[in-house]
Asker: 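Can you keep this structure in mind? I'll have questions shortly.
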Amino acid sequence: NSTQAGAAATSNGNTVVEDVAEQTLDDKQALMDMANADQPVSPLEPIQQYIPPHVKEDSWQPWNISLPCPGGYTCTSMGNVSLGAFSCDELARVALEVFGFGNVLAGVYCPENKTAVMNCPVGGYCPNSTVRVECPQGMFCPYKTYEPTFSGGTQPCQGCAAGAKNKQLSKASKFILWAILIVLLLLLVYKF
């Protein structure tokens with residue numbers, strides 16, 4: 001537990017670790033006290049101190065849990081304590097540029113009134129976290145598409161109308177599929 005960690009730090013003569021352990025306990029206790037309060041409290045100062053310097057300054061904002069989450073943000077709370085709203089686009093940038101995870105958060109969608117990060121819905125692409133654009137005719141956009149190109153997640157689809165929710169097969173593809181099915185059935189019938 002945390003008390004043992006503080007005692008271990010003292011026995012090693014490492015007062016910095018002990019100070020951090022005590023600070024962490026104080027912060028957790030402050031959040032728990034706020035969660036148990038009768039009125040919602042905004043713990044801005046305790047949370048702002050944990051935002052790392054590589055995160056852009058305007059990417060986090062306070063959020064009142066009695067109001068809808070703003071578009072383009074993911075909102076978090078602990079009990080009745082708001083932990084704030086964090087920019088979905090900034091999450092994607094940090095994953096790509098700071099941590100080197102690649103474009104894992106491309107094609108996410110954070111509409112207003114939703115507190116969580118969502119994949120861009122089928123039938124459209126999301127160039128950023130607040131905009132969903134209908135997929136163009138002749139293309140199919142599965143979940144998490146971020147631009148109307150092959151590398152952005154779209155797939156060619158001759159039979160697809162704009163914004164298609166299901167990938168449609170062209171007439172030639174349907175003919176070939178039926179021909180293969182008939183040949184397989186004939187092989188099964190004549191084999192037995």
Side-chain angles (χ1 to χ4, degrees), residues 47 51-52 54-79 82-192:
I47 293 175
I51 298 175
H54 57 263
V55 174
K56 291 183 180 173
E57 189 173 320
D58 295 335
S59 60
W60 180 86
Q61 66 181 26
W63 170 59
N64 182 337
I65 60 175
S66 64
L67 298 175
C69 186
Y73 286 82
T74 178
C75 298
T76 310
S77 63
M78 185 170 75
S82 170
L83 299 179
F86 195 78
S87 167
C88 296
D89 290 331
E90 180 64 4
L91 282 173
R93 186 194 71 78
V94 168
L96 176 66
E97 296 175 8
V98 176
F99 294 111
F101 291 153
N103 223 1
V104 295
L105 291 176
V108 296
Y109 187 48
C110 300
E112 189 172 2
N113 296 328
K114 300 288 182 184
T115 57
V117 175
M118 301 169 37
N119 287 333
C120 191
V122 172
Y125 63 94
C126 299
N128 63 49
S129 64
T130 58
V131 176
R132 182 186 175 278
V133 180
E134 188 174 75
C135 197
Q137 182 175 350
M139 302 295 282
F140 175 69
C141 296
Y143 286 108
K144 211 169 176 313
T145 301
Y146 60 93
E147 60 184 33
T149 63
F150 180 73
S151 64
T154 54
Q155 302 167 3
C157 178
Q158 292 177 356
C160 289
K165 303 283 189 226
N166 297 307
K167 190 169 182 180
Q168 304 295 318
L169 296 175
S170 66
K171 288 181 183 181
S173 297
K174 288 179 186 178
F175 176 77
I176 292 170
L177 187 61
W178 277 108
I180 291 171
L181 184 62
I182 290 171
V183 168
L184 287 174
L185 286 173
L186 290 174
L187 286 173
L188 283 173
V189 169
Y190 284 116
K191 193 166 193 166
F192 294 110

Asker: What are the two closest heavy atoms between Tyr109 and Pro121, and how far apart are they?
Answerer: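 Taking Tyr109 first and Pro121 second, the nearest heavy atoms are CD2-CD, 3.9 Å.
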
Asker: Drop me the distance from Trp178's CH2 to Ile182's CD1, to the nearest 0.5 angstrom.
Answerer: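 One finds 7.5 Å between CH2 of Trp178 and CD1 of Ile182.
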
Asker: Can you tell me how far OG of Ser59 sits from OH of Tyr73, rounded to the nearest 0.5 angstrom?
Answerer: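 These two atoms lie 7.5 Å from each other.
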
Asker: Sort and list the pairs that fulfil side chain to side chain donor-acceptor pair (under 3.5 Å) and have at least one residue in residues 113-125, not counting sequence neighbours.
Answerer: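 Sorted pair list comes back empty.
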
Asker: Apply side-chain contact (heavy atoms from CB on, under 4.5 Å) to Leu177 and Leu181, showing your working.
Answerer: CA-CA 6 Å; Leu177 187 61; Leu181 184 62; 5.9 Å; no

Asker: What closest approach, in Å, do Gly79 and Ile65 show between heavy atoms, and which atom pair accounts for it?
Answerer: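 Distance-wise, the nearest heavy atoms are O-CD1, 4.4 Å.
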
Asker: Between NZ of Lys167 and CD of Gln155, what distance do you get to the nearest 0.5 Å?
Answerer: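 Spacing of NZ (Lys167) from CD (Gln155) equals 4.0 Å.
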
Asker: Thr145 vs Cys120, test: side-chain contact (heavy atoms from CB on, under 4.5 Å). Steps then yes/no.
Answerer: CA-CA 6 Å; Thr145 301; Cys120 191; 5.6 Å; no

Asker: Between Tyr146 and Gly107, what is the shortest heavy-atom contact and its length?
Answerer: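 That closest heavy-atom pairing would be CB-N, 3.4 Å.
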
Asker: Kindly state each residue pair satisfying side chain to side chain donor-acceptor pair (under 3.5 Å) with at least one member in residues 127-136, sequence neighbours excluded.
Answerer: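 Sorted pair list: Asp89-Ser129, Asn128-Thr130.
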
Asker: Give the C-alpha distance, both sets of side-chain angles, the deciding distance and a yes or no for side-chain contact (heavy atoms from CB on, under 4.5 Å) between Ser77 and Leu83.
Answerer: CA-CA 5 Å; Ser77 63; Leu83 299 179; 5.6 Å; no

Asker: Dump the intermediate steps for side-chain contact (heavy atoms from CB on, under 4.5 Å) on Val94 and Phe101, then the final yes or no.
Answerer: CA-CA 9 Å; Val94 168; Phe101 291 153; over 6 Å; no

Asker: If you take all heavy atoms of Thr74 and Ala116, which pair is closest and at what distance?
Answerer: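 Looks like OG1-CA, 3.9 Å.
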
Asker: Under 3.5 Å, side chain of Ser82 to main-chain N/O of Trp63, donor-acceptor pair present?
Answerer: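 Between the backbone of Trp63 and the side chain of Ser82 there is a qualifying donor-acceptor contact (under 3.5 Å).
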
Asker: Would you name the heavy atoms of Gln137 and Cys160 that are closest together and state the gap between them?
Answerer: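 Nearest pair, atom of Gln137 first, then Cys160: CG-O, 3.5 Å.
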
Asker: What pair of heavy atoms forms the shortest contact from Val104 to Lys144, and how long is it?
Answerer: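 For Val104 and Lys144, the tightest heavy-atom pair comes out as O-NZ, 2.6 Å.
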
Asker: Would you mind listing every salt bridge (Lys or Arg N to Asp or Glu O under 4.0 Å) that reaches into residues 94-110, with sequence neighbours excluded?
Answerer: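 The answer is Arg93-Glu97.
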
